[in-house]
Novice: 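Sending over a structure as structure tokens; questions will come in a sec.
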Amino acid sequence: MARIVMKFGGTSVADLERIRNVAGRIKAEVDRGNQVAVVISAMAGVTNQLADYADQSAELYDLREYDVVVSSGEQVTAGILAIVLQDLGVSARSWLGWQIPIRTNDAHGNARIEDIDVTEILRRFDDGQVAVVTGFQGIDAQGRVTTLGRGGSDISAVALAAALDAERCDIHTDVDGVYTSDPRIVAKAHKLDRVTYEEMLEMASQGAKVLQTRSVEIAMKHRVRVRVLSSFENSSGTLIVDEDEIVEQAIVSGITYSRDEAKITLTRVPDRPGAAAGIFGPLAEAAINVDMIVQNVSVDSDETGITFTVTKADLERAVKVLEGLRDSLEYGDLLSDPNVVKVSVIGVGMRSHVGVAQKMFSTLAEKGINIQVISTSEIKVSVLVAEEYTELAVRSLHSAYGLDAA
Ligand code: ASP
Ligand code: MG
């Protein structure tokens with residue numbers, strides 16, 4: 001007997017037919033004698049629709065009410081799934097976030113889970129009951145409903161698995177696992193049987209959409225064994241594990257890309273202490289996240305150029321903030337370019353092998369792709385290039401690191 005958490009995303013519960021399919025999978029686990037907690041999303045597209053309703057009701061609105069609206073999609077699927085399970089003869093009940101409760105802070109729209117009280121769920125496991133839990137939602141100290149940010153049902157699932165001390169957290173989605181790159185643009189991408197927490201974390205934060213980034217952080221912290229698999233096919237999926245559980249570790253495990261970046265350059269910035277602080281301080285105050293940064297060395301002048309990236313959504317605001325600082329910062333020109341993409345090469349093997357970055361640079365050079373900004377971490381190299389080269393860059397790198405499927 002094992003205790004498992006099964007999570008089903010929006011496409012897996014998109015209609016009644018699919019909810020029946022999901023119920024069948026849950027029943028199979030129950031019949032194997034397992035204790036099962038299920039975490040579900042809203043039906044595909046529903047949360048977008050609900051968010052649109054909120055956006056259209058007023059220009060500025062109370063985020064506590066936004067959370068009431070957008071959390072409702074999960075209530076529908078949890079109730080229906082519980083009904084369908086009962087109809088199959090499986091003992092089950094639905095749980096809204098506040099009923100458990102899943103306690104969060106009060107950052108409405110993007111709340112963090114603080115604590116999950118699993119006492120009652122555990123008690124009912126002993127009676128053979130399945131817990132059907134709404135993903136994406138919780139309750140704050142004021143008793144208000146909160147949501148965890150878009151894609152947050154992955155977070156609910158992993159956090160619940162940690163709280164239940166579950167043996168596995170199976171994330172069922174519309175793909176059959178984690179791939180070496182996006183199969184929609186790299187036909188030769190292949191599924192990874194195993195990937196380390198750290199690699200998965202980099203992949204998620206560098207653009208791979210298969211898991212919500214924060215859910216991977218929680219999995220890594222609590223050592224939850226997460227498996228990503230398809231809810232439509234029977235395959236073993238991808239297991240996310242500790243590095244020492246992977247026998248033959250490839251140097252590079254994946255190539256990701258993110259079109260979510262935009263580039264800003266400030267020219268002729270005075271080269272003096274406090275210049276960078278003068279730029280990035282006000283951006284941080286405006287809650288604008290800066291990702292990559294390069295500052296040119298000034299050889300024989302007392303001015304320098306600074307280039308950095310923000311998300312496309314923040315570009316307009318960032319430009320406004322910087323325009324407001326023109327007089328105090330005394331920079332020359334402010335240039336912005338939304339037509340860029342960040343391409344990243346990820347692998348824990350980088351720690352022990354030299355030449356990984358060099359291979360990336362030479363591969364891109366051979367294709368005539370100019371690198372605009374570079375950033376690295378211990379297990380990742382990212383470059384910013386013109387958006388029109390996305391496919392070419394990702395495919396060439398995938399081949400260059402020997403990731404193409406035979
Ligand atoms: N339904 C929520 C969303 O679409 C949460 C999730 O599906 O993960 O963002
Ligand atoms: Mg999702």
Novice: Below 4.0 angstrom, N of the basic side chain to O of the carboxylate: do Arg93 and Glu120 qualify?
Specialist: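 Answer for the salt bridge query: no.
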
Novice: Between Ser382 and Ile374, is there a side-chain heavy-atom distance shorter than 4.5 Å?
Specialist: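 They are not in side-chain contact.
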
Novice: According to the side-chain hydrogen bond (donor to acceptor under 3.5 Å, both in side chains) rule, which pairs have a member within residues 283-293, sequence neighbours left out?
Specialist: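 Matches after skipping sequence neighbours: Asp291-Lys342.
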
Novice: Does any N or O in the side chain of Gln212 come within less than 3.5 Å of the main-chain N or O of Arg214, such that one atom is a donor and the other an acceptor?
Specialist: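 The answer is yes, because a donor-acceptor pair under 3.5 Å joins these two groups.
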
Novice: Indicate yes or no for a side-chain donor-acceptor contact from Thr238 to the backbone of Val228 under 3.5 Å, with no hydrogens or angles considered.
Specialist: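 Looks like no, no N/O pair under 3.5 Å.
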
Novice: Looking at Gln56, I'd like to know if its CD atom is crowded, meaning that more than 12 non-hydrogen atoms belonging to other residues, nucleotides or ligands lie closer than 6.0 Å.
Specialist: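 Yes.
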
Novice: Yes or no on side-chain contact (heavy atoms from CB on, under 4.5 Å) for Met1 and Gln35, after CA distance, side-chain angles and deciding distance?
Specialist: CA-CA 7 Å; Met1 189 202 74; Gln35 298 182 332; 4.0 Å; yes

Novice: Please determine, by modelled atom types, if Gln75 and Ser72 share a side-chain donor-acceptor pair under 3.5 angstrom.
Specialist: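 Checked: Gln75/Ser72 side chains show no N/O donor-acceptor pair below 3.5 Å.
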
Novice: Does any part of the side chain of Phe308, heavy atoms only, come nearer than 4.5 Å to the side chain of Ile279, both counted from C-beta?
Specialist: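 They are in side-chain contact.
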
Novice: Taking all non-hydrogen atoms of both residues into account, name the closest pair between Tyr179 and Gly177 and its distance.
Specialist: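 It is CD1-O, 3.6 Å.
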
Novice: Please answer whether the main-chain N or O of Lys27 pairs with a side-chain N or O of Arg32 as donor and acceptor at a distance below 3.5 Å.
Specialist: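 Such a contact is absent between Arg32 side chain and Lys27 backbone.
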
Novice: Write down the atom of Met292, the atom of Ser375, and the distance for their closest heavy-atom approach.
Specialist: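 So the two residues come closest at CE-OG, 3.6 Å.
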
Novice: Between the side chain of Arg20 and the main-chain N/O of Val84, is any donor-acceptor distance below 3.5 Å?
Specialist: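 Not at all, since once roles are kept as given, no pair shorter than 3.5 Å links the two residues.
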
Novice: Any chance you could measure Phe136, atom CZ, to Thr146, atom OG1, to the nearest 0.5 Å?
Specialist: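 Going from the CZ atom of Phe136 to the OG1 atom of Thr146 covers 9.5 Å.
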
Novice: Give a yes or no on whether a salt bridge exists between Arg351 and Glu243, defined as a side-chain N under 4.0 angstrom from a carboxylate O.
Specialist: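 A salt bridge links Arg351 with Glu243.
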
Novice: Can you find a pair of side-chain heavy atoms, one from Arg223 and one from Met220, that are under 4.5 Å apart?
Specialist: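 Yes, at least one pair of side-chain atoms sits under 4.5 Å.
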
Novice: Can you give me the closest heavy-atom contact between Ala204 and Val216, atom names plus distance?
Specialist: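 Heavy-atom minimum between the residues: CB-CG2, 4.4 Å.
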
Novice: Report yes if some heavy atom in the side chain of Trp95 is under 4.5 Å from a heavy atom in the side chain of Arg124; otherwise report no.
Specialist: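 Yes, at least one pair of side-chain atoms sits under 4.5 Å.
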
Novice: Looking only at atom types and distance, does a side-chain atom of Gln206 sit under 3.5 Å from a main-chain N or O of Val343, one as donor and one as acceptor?
Specialist: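 No: the side chain of Gln206 does not pair with the backbone of Val343.
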
Novice: Should Glu29 and Arg3 count as an ion pair when the cut-off is N to O under 4.0 Å?
Specialist: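 Between Arg3 and Glu29 there is no salt bridge, as every charged N stays at least 4.0 Å from the carboxylate O atoms.
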
Novice: Contact between Leu392 and Ile369 at the side-chain level, heavy atoms closer than 4.5 Å - yes or no?
Specialist: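 Yes - at least one pair of side-chain heavy atoms lies under 4.5 Å apart.
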
Novice: How about His398 and Thr180: does a side-chain donor come under 3.5 Å of a side-chain acceptor?
Specialist: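 Yes.
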
Novice: When rounded to the nearest 0.5 angstrom, what is the spacing between CD1 in Ile379 and CD1 in Ile346?
Specialist: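 Going from CD1 on Ile379 over to CD1 on Ile346, the span is 7.0 Å.
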
Novice: With heavy-atom distances below 4.5 Å as the criterion, would you say the side chains of Ile264 and Val310 are in contact?
Specialist: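 A side-chain contact under 4.5 Å exists here.
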
Novice: Indicate the atoms forming the closest heavy-atom contact of Val269 with Tyr331, along with that distance.
Specialist: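 Minimum heavy-atom separation between Val269 and Tyr331: CG2-CB, 4.0 Å.
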
Novice: Quick one: do Asp170 and Lys7 make a salt bridge, cutoff under 4.0 Å?
Specialist: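 A salt bridge is absent here (no side-chain N lies under 4.0 Å from a carboxylate O).
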
Novice: I need the Tyr401 OH to Ile255 CD1 distance, nearest 0.5 Å.
Specialist: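 Result: 6.5 Å between the selected atoms.
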
Novice: Any carboxylate oxygen within less than 4.0 angstrom of a Lys/Arg side-chain nitrogen, looking at Glu261 and Lys312?
Specialist: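 Salt bridge: no.
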
Novice: How long is the straight-line distance from CZ of Arg123 back to CD of Gln129, given to the nearest 0.5 Å?
Specialist: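 So the CD of Gln129 and the CZ of Arg123 are separated by 8.5 Å.
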
Novice: Is it true that Thr311 and Asp260 share a donor-acceptor pair across their side chains at a distance under 3.5 Å?
Specialist: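 No.
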
Novice: Ignoring hydrogens, what is the shortest heavy-atom contact between Val394 and Ser181? Give both atom names and the distance.
Specialist: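 In this case the closest contact between Val394 and Ser181 is CG1-OG, 3.3 Å.
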
Novice: Can any side-chain N or O of Asp15 pair as donor or acceptor with the backbone N or O of Glu17 at less than 3.5 Å?
Specialist: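 Present.
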
Novice: Could you go through the side chain to side chain donor-acceptor pair (under 3.5 Å) check for Asp182 and Tyr257 one step at a time?
Specialist: CA-CA 9 Å; Asp182 183 349; Tyr257 64 94; 2.6 Å; yes

Novice: Between CG of Leu329 and CG of Leu266, what distance do you get to the nearest 0.5 Å?
Specialist: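 If I round to the nearest 0.5 Å, the distance is 7.5 Å.
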
Novice: Are the charged groups of Glu323 and Arg317 less than 4.0 angstrom apart, N to O?
Specialist: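 Answer for the salt bridge query: no.
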
Novice: Give a yes or no on whether a salt bridge exists between Asp176 and Lys191, defined as a side-chain N under 4.0 angstrom from a carboxylate O.
Specialist: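 Salt bridge absent between Asp176 and Lys191.
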
Novice: Indicate yes or no: at least one non-hydrogen side-chain atom of Leu364 is less than 4.5 angstrom from one of Ser396.
Specialist: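 The answer is no, as the side chains (C-beta and beyond) never meet within the 4.5 Å cut-off.
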
Novice: Give a yes or no answer on whether the side chain of Asp62 reaches the backbone of Arg64 with a donor-acceptor pair at less than 3.5 Å.
Specialist: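 A pair under 3.5 Å: yes.
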
Novice: Checking salt bridge (Lys or Arg N to Asp or Glu O under 4.0 Å) for the pair Lys380/Glu198: CA distance, chi angles, key distance, verdict?
Specialist: CA-CA 10 Å; Lys380 173 208 77 182; Glu198 283 169 290; over 6 Å; no

Novice: May I ask you to check whether Thr104 and Glu114 show a side-chain donor-acceptor distance below 3.5 Å?
Specialist: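 No, because no side-chain N or O of Thr104 sits under 3.5 Å from a partner of the opposite role on Glu114.
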
Novice: May I have the step-by-step check of side chain to side chain donor-acceptor pair (under 3.5 Å) for Arg150 and Asn48, ending in yes or no?
Specialist: CA-CA 9 Å; Arg150 298 304 307 271; Asn48 286 341; 3.0 Å; yes

Novice: Is the closest side-chain donor-acceptor distance between Asp140 and His108 under 3.5 Å?
Specialist: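 Present: a donor and an acceptor within the cut-off.
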
Novice: Side-chain contact, heavy-atom cut-off 4.5 Å: Leu85 with Val130?
Specialist: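 Contact flag for Leu85/Val130 side chains = yes.
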
Novice: Determine yes or no for a side-chain-to-main-chain donor-acceptor pair under 3.5 angstrom, with Thr304 supplying the side chain and Pro270 the backbone.
Specialist: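 Such a contact is absent between Thr304 side chain and Pro270 backbone.
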
Novice: Can you tell whether the side chains of Glu245 and Arg194 come within less than 4.0 Å, N to carboxylate O?
Specialist: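 Salt bridge present between Glu245 and Arg194.
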
Novice: Counting neighbours of OH on Tyr53 that are heavy atoms of other residues, nucleotides or ligands and sit closer than 6.0 Å, is the number greater than 12?
Specialist: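 No, because the 6.0 Å sphere around OH of Tyr53 holds 12 heavy atoms or fewer from other groups.
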
Novice: Tyr61 vs Asp55, test: side chain to side chain donor-acceptor pair (under 3.5 Å). Steps then yes/no.
Specialist: CA-CA 8 Å; Tyr61 52 82; Asp55 285 347; 2.5 Å; yes

Novice: Any idea which heavy atoms bring Val340 and Lys263 closest together, and the distance?
Specialist: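 That closest heavy-atom pairing would be CG2-N, 4.0 Å.
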
Novice: Judged by atom type as modelled, is there a donor-acceptor pair below 3.5 Å linking the side chain of Gln99 to the main-chain atoms of Leu96?
Specialist: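 Yes, the answer is positive, given that a donor and an acceptor are paired below the 3.5 Å cut-off.
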
Novice: Verify the distance criterion only: is there a donor paired with an acceptor across the side chains of Asp67 and Thr147 at less than 3.5 Å?
Specialist: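 Distance-only check passes for Asp67 and Thr147.
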
Novice: Give the C-alpha distance, both sets of side-chain angles, the deciding distance and a yes or no for side chain to side chain donor-acceptor pair (under 3.5 Å) between Gln86 and Ser91.
Specialist: CA-CA 6 Å; Gln86 289 167 5; Ser91 165; over 6 Å; no

Novice: Begin from the C-alpha positions of Val178 and Met203 and carry the test side-chain contact (heavy atoms from CB on, under 4.5 Å) through to its verdict.
Specialist: CA-CA 10 Å; Val178 179; Met203 286 185 190; 4.0 Å; yes

Novice: Rounded to the nearest 0.5 Å, what's the gap from CG on Asn34 to CE on Met6? Could you check?
Specialist: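 One finds 9.0 Å between CG of Asn34 and CE of Met6.
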
Novice: Does the pair Glu167 and Arg225 meet the rule for a salt bridge (Lys or Arg N to Asp or Glu O under 4.0 Å), with working shown?
Specialist: CA-CA 7 Å; Glu167 227 143 287; Arg225 284 175 82 81; over 6 Å; no

Novice: Return yes if a side-chain donor-acceptor contact under 3.5 Å exists between Thr77 and Glu74, otherwise no.
Specialist: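 The answer is no; no qualifying pair exists.
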
